[in-house]
Amino acid sequence: MPIQTYNTLSRRKEPLVPITSGHINLYVCGITSYDFCHIGHARSALVFDMIVRYLRYRGYTVTYIRNFTDIDDKIIKRAAEQNVDASTLAQRFIDEFYVDMDRLGVDRPTLEPRATEHIAEMIALIEELIAKGLAYQAGTDVYYAINTFPQYGKLSGRNLDDMQAGARIAINENKNHPMDFVLWKGSKPGEPTWDSPWGPGRPGWHIECSAMSRKYLGDSFDIHGGGQDLVFPHHENEVAQSEGASGKCCATTWIHHGFVTIREEKMSKSLGNFLTIREVLAHYHPEALRLFICSTHYRNPLDFSETAMDDATAGLDRLYECMAFIDDLNKKESREGQAAIASANDTKKLQSLEERFQKAMDDDFNTALALGILFDGVKSINKIGQHLPTTAALSDLQLLKTVGKLIRDLAGIMGLLRKDAASYLLEKKATMLEGLDITEPEILEAIQQRKDARTAKDWARGDSIRDHLLGKGIELKDSAQGTTWTVKRG
RNA sequence: GGCGGCGUAGCCAAGUGGUAAGGCACUGGUCUGCAAAACCAUGAUUCAGCGGUUCAAAUCCGCUCGCCGCCUCCA
């Protein structure tokens, strides 16, 4: 049973059948680099990072191309405001983008081409379109004549008549048809320019992706991805350009992810209600953001809130605590003949975990369900761990360790559990401690005092020390191995 | 006006014809001197509402209500 993916083009789930067996060519529209990235950009990067990792886990080799738009109106405008040139501004925010991606642990794509490095390819493509009668020059601009592409609208599911009824399109005297879009714009004084057969100018937004996807992946490739807002006009126009030029289907499958909202409202630059990745990471662990993003299906809207991030953090802690328990099993004594604790039901559940995970992910990358399966595994592990005797059965230990490693590997596809569990918990403790009015030596001192009091069976004094710590945000846990402490959540 | 999506327990969220995963929160129990953590148990006779198809519907069809996105730069 092949992986099923929802295809925007056909509006349904379809089996993913690569053009070249065993290999997936993927092109994703990346950022326009003129500002810090917000968590909507993070969703895009994380969703496709997950998809690529899953495809590789399933045995495909993947060529993953993600571009940078490093020349565009917004970049020019922002650069002018800041009195720097456009390329300097673009480079600065590409650098900042990498800072964010590295903190999120996003793997680098195979190639990250930039628009400004592919001007020649774009010019060649525009010439090809003109030669085929699909584009025309008007003054110093070149436009795509959408009337020449009968299938225009097939990706976004709309037709020209409907769109004109909306009539939110500014009239441009140069265009033959109001919906024609620009392939090349003649430049105004002071703007970055490149020479072209139509005079000095710069490329329109859509042409870069057609030129670069074609250069690196060929006329036809497997998956083209991006945010839902790119469906129209960006991807619709890409289809017109690429398929107009090649006469072939450009991408078999189109994958579009949903938006991040804040207070149920789409987060966007124009609304000014966006949160940058670094603002979020100042308060939350990168993996908590990843877990949050994987907690719903990639096509659904996702509402960002403190509560949601706290929930995600609690879930991540639960996963790591389980991993820490598994790691500690190495110190545990075992014996071959010891009766096993694991019930038949739990054993069965744990043994089928990978199969269930795959089934969930094969169904259009259902990370929400996949996470549920991992948590279910954690529950079974904890249950067995709860009843493990001092000298455990070898079979129990083997089962726990095997499944623990499996959960870690599978969670890794979503970018989770990539840290050493003990380090994660220690770091977390240290970070949380920073915000509190107490230091670790003070806590350890208090624990020692309480221990002395308890040894003397002075429960009242022991409890008062514990309550005092709790008042400072420190929770104690007594166990056979001694007393440990954690920072109270919330 | 056109196109598309969504509405499942207090919150988040799977489930697209066979009798409601998982997480967070809450409550009771086990454990503990008392706690905490963990575990166990409990929670929707029900999936926005109303009708219809079916032996069977959260899942299919119709209508109603509510919310959201795209149609303009946008992940």
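Note that the structure is a prediction, hence the values are computed from the model and not measured.
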Of all the choices, B:rC34, B:rA21, B:rC39, which nucleotide is nearest to the side chain of A:Arg454 once you look at every atom?
-> B:rC34

Under 3.5 Å, is there a donor-acceptor pair between the A:Tyr298 and A:Asp364 side chains?
-> yes

Distance in angstrom units between A:Arg158 CZ and B:rG5 P, rounded | 13 Å

Side chain of A:Asp478, base of B:rC34: donor and acceptor closer than 3.5 Å?
-> yes

Figure out the CG/C1' separation between A:Leu319 and B:rA38, and round it to whole Å.
-> 15 Å

Specify the separation, in whole Å, of atom NE2 of A:His234 and atom C1' of B:rC71.
-> 17 Å

Name the closest nucleotide to the A:Asp376 side chain, picking from B:rC71, B:rG22, B:rG33.
-> B:rG22

Atom pair CZ/CG of A:Phe292 and A:Asp311 - distance to nearest 0.5 Å | 10.0 Å

Check whether any side-chain nitrogen or oxygen of A:Lys13 sits under 4.0 Å from OP1 or OP2 of B:rU16, and answer yes or no.
-> no

Without hydrogens or angle criteria, can the side chains of A:Thr483 and A:Asp478 be said to hold a donor-acceptor pair below 3.5 Å?
-> yes

Atom P, compared across B:rC61 and B:rU53: separation rounded to whole Å | 15 Å

Any N/O donor-acceptor pair, A:Asn366 side-chain to B:rG15 base, under 3.5 Å = no

Are the ring of A:Trp459 and the base ring of B:rG33 both nearer than 5.5 Å at their centres and tilted by less than 30°?
-> yes

In whole angstroms, how far is the P atom of B:rC39 from the NZ atom of A:Lys477?
-> 11 Å

Atom CG of A:Leu302 to atom P of B:rG23: distance rounded to whole Å?
-> 19 Å

Just checking A:Leu230: base, sugar-phosphate only, or nothing, at a heavy-atom cut-off of under 4.0 Å?
-> sugar-phosphate

Just call it for A:Gly40: base, sugar-phosphate, or nothing, with non-hydrogen atoms closer than 4.0 Å on any strand.
-> base

Mind telling me whether A:Phe221 and A:Tyr27 have parallel, tilted or perpendicular rings, with 30° and 60° as the class edges?
-> tilted

Toward the 5' end of RNA chain B, which comes first, A:Thr32 or A:Ile373, by nearest nucleotide?
-> A:Ile373

Taking the six-membered ring of A:Phe232, is NZ or CZ of A:Arg158 closer than 6.0 Å to its centre and within 45° of its axis?
-> yes

If you measure from the P atom in B:rU59 to the same atom in B:rG23, how many Å do you get, rounded?
-> 26 Å

Indicate, with a heavy-atom threshold strictly under 4.0 Å, whether A:Asp303 touches base, sugar-phosphate, or nothing.
-> nothing

Heavy atoms under 4.0 Å, any strand shown: does A:Arg466 hit a base, just sugar-phosphate, or nothing?
-> base

Which value, in whole Å, describes the distance between the C1' atoms of nucleotides B:rG10 and B:rA25?
-> 7 Å

Looking at every strand, decide which applies to A:Asn382 at a 4.0 Å heavy-atom threshold: base, sugar-phosphate, or nothing.
-> sugar-phosphate

Rounded distance in Å - CG (A:Asp311) to C1' (B:rG22) | 13 Å

What is the pairing partner of B:rC3, taking Watson-Crick or G-U wobble pairs with both distances under 3.5 Å in any strand?
-> B:rG69

Name the nucleic acid region contacted by A:Ala368, choosing base, sugar-phosphate or nothing; use a 4.0 angstrom heavy-atom cut-off, strictly under.
-> base

So, is the end of the A:Arg108 side chain (NZ or CZ) under 6.0 Å from the ring centre of A:Tyr98 and within 45° of the ring's axis?
-> yes

Quick one: label A:Val231 by what it contacts on the DNA or RNA (base, sugar-phosphate, nothing), any heavy atom closer than 4.0 Å.
-> nothing

Have a look at A:Lys74 and say if it touches a base, only the backbone sugar-phosphate, or nothing, with a 4.0 Å heavy-atom cut-off.
-> sugar-phosphate

Among side-chain atoms of A:Asp362 and A:Tyr54, is any donor-acceptor pair under 3.5 angstrom?
-> yes

A:Phe259 has its side chain closest, among B:rG22, B:rA38, B:rC70, to B:rC70

Side-chain contact check for A:Asn300: nearest option of B:rA14, B:rC40, B:rA75 is B:rA14

Distance, C1' atom - from B:rG66 to B:rC73, rounded to whole angstrom | 30 Å

Which is true for A:Phe325 with a 4.0 Å heavy-atom rule: it touches a base, it touches only sugar-phosphate, or it touches nothing?
-> nothing

Nearest-angstrom distance, P atom, B:rA48 to B:rA58 | 10 Å

When the nearest nucleotide of RNA chain B is assigned to A:His206 and to A:His387 on a heavy-atom basis, which residue is associated with the more 5' position?
-> A:His387

Sugar-phosphate only, base, or nothing, as touched by A:His38 at under 4.0 Å among non-hydrogen atoms = base

Considering every strand shown, what is the Watson-Crick or G-U wobble mate of B:rG22 when both distances are under 3.5 Å?
-> B:rC12

Check whether the side chain of A:Arg318 and the base of B:rG23 form a donor-acceptor pair under 3.5 Å.
-> no

Test: A:Lys13 cationic atom under 6.0 Å from A:Tyr6 six-membered ring centre, within 45° of axis = no

Mind calculating the distance between CD (A:Gln228) and P (B:rA75) to the nearest angstrom?
-> 14 Å

Without hydrogens or angle criteria, can the side chains of A:Glu279 and A:Thr276 be said to hold a donor-acceptor pair below 3.5 Å?
-> yes

Below 4.0 Å: OP1/OP2 of B:rA14 and any side-chain N or O of A:Thr296 | yes

When you measure from the side chain of A:Ala314, which nucleotide among B:rC39, B:rC73, B:rC24 comes out closest?
-> B:rC24

Nearest-angstrom distance, C1' atom, B:rU45 to B:rU19 = 11 Å

How far does the P atom of B:rC47 sit from the matching atom of B:rU42, given to the nearest Å?
-> 22 Å

Please work out if A:Arg450 contacts a base, only the sugar-phosphate, or nothing of the nucleic acid, heavy-atom cut-off 4.0 Å.
-> base

Atom-pair distance (CG on A:Asp463; C1' on B:rG33), nearest Å | 8 Å

B:rA38 phosphate, OP1 or OP2, under 4.0 Å from A:Lys383 side-chain N/O | no

Any strand, both distances under 3.5 Å, Watson-Crick or G-U wobble: B:rC31 pairs with none

Output field: ring centroids A:Tyr424/A:His285 closer than 6.0 Å = yes

With a non-hydrogen cut-off below 4.0 angstrom, is A:His256 in contact with a base, only sugar-phosphate, or nothing?
-> nothing

Can you tell me, in whole Å, how much space there is between the P of B:rA9 and that of B:rA14?
-> 13 Å

B:rA48: pairing nucleotide in any strand, Watson-Crick or G-U under 3.5 angstrom = B:rU64

Counting only Watson-Crick or G-U wobble pairs whose two distances fall under 3.5 Å, which nucleotide matches B:rA75?
-> none

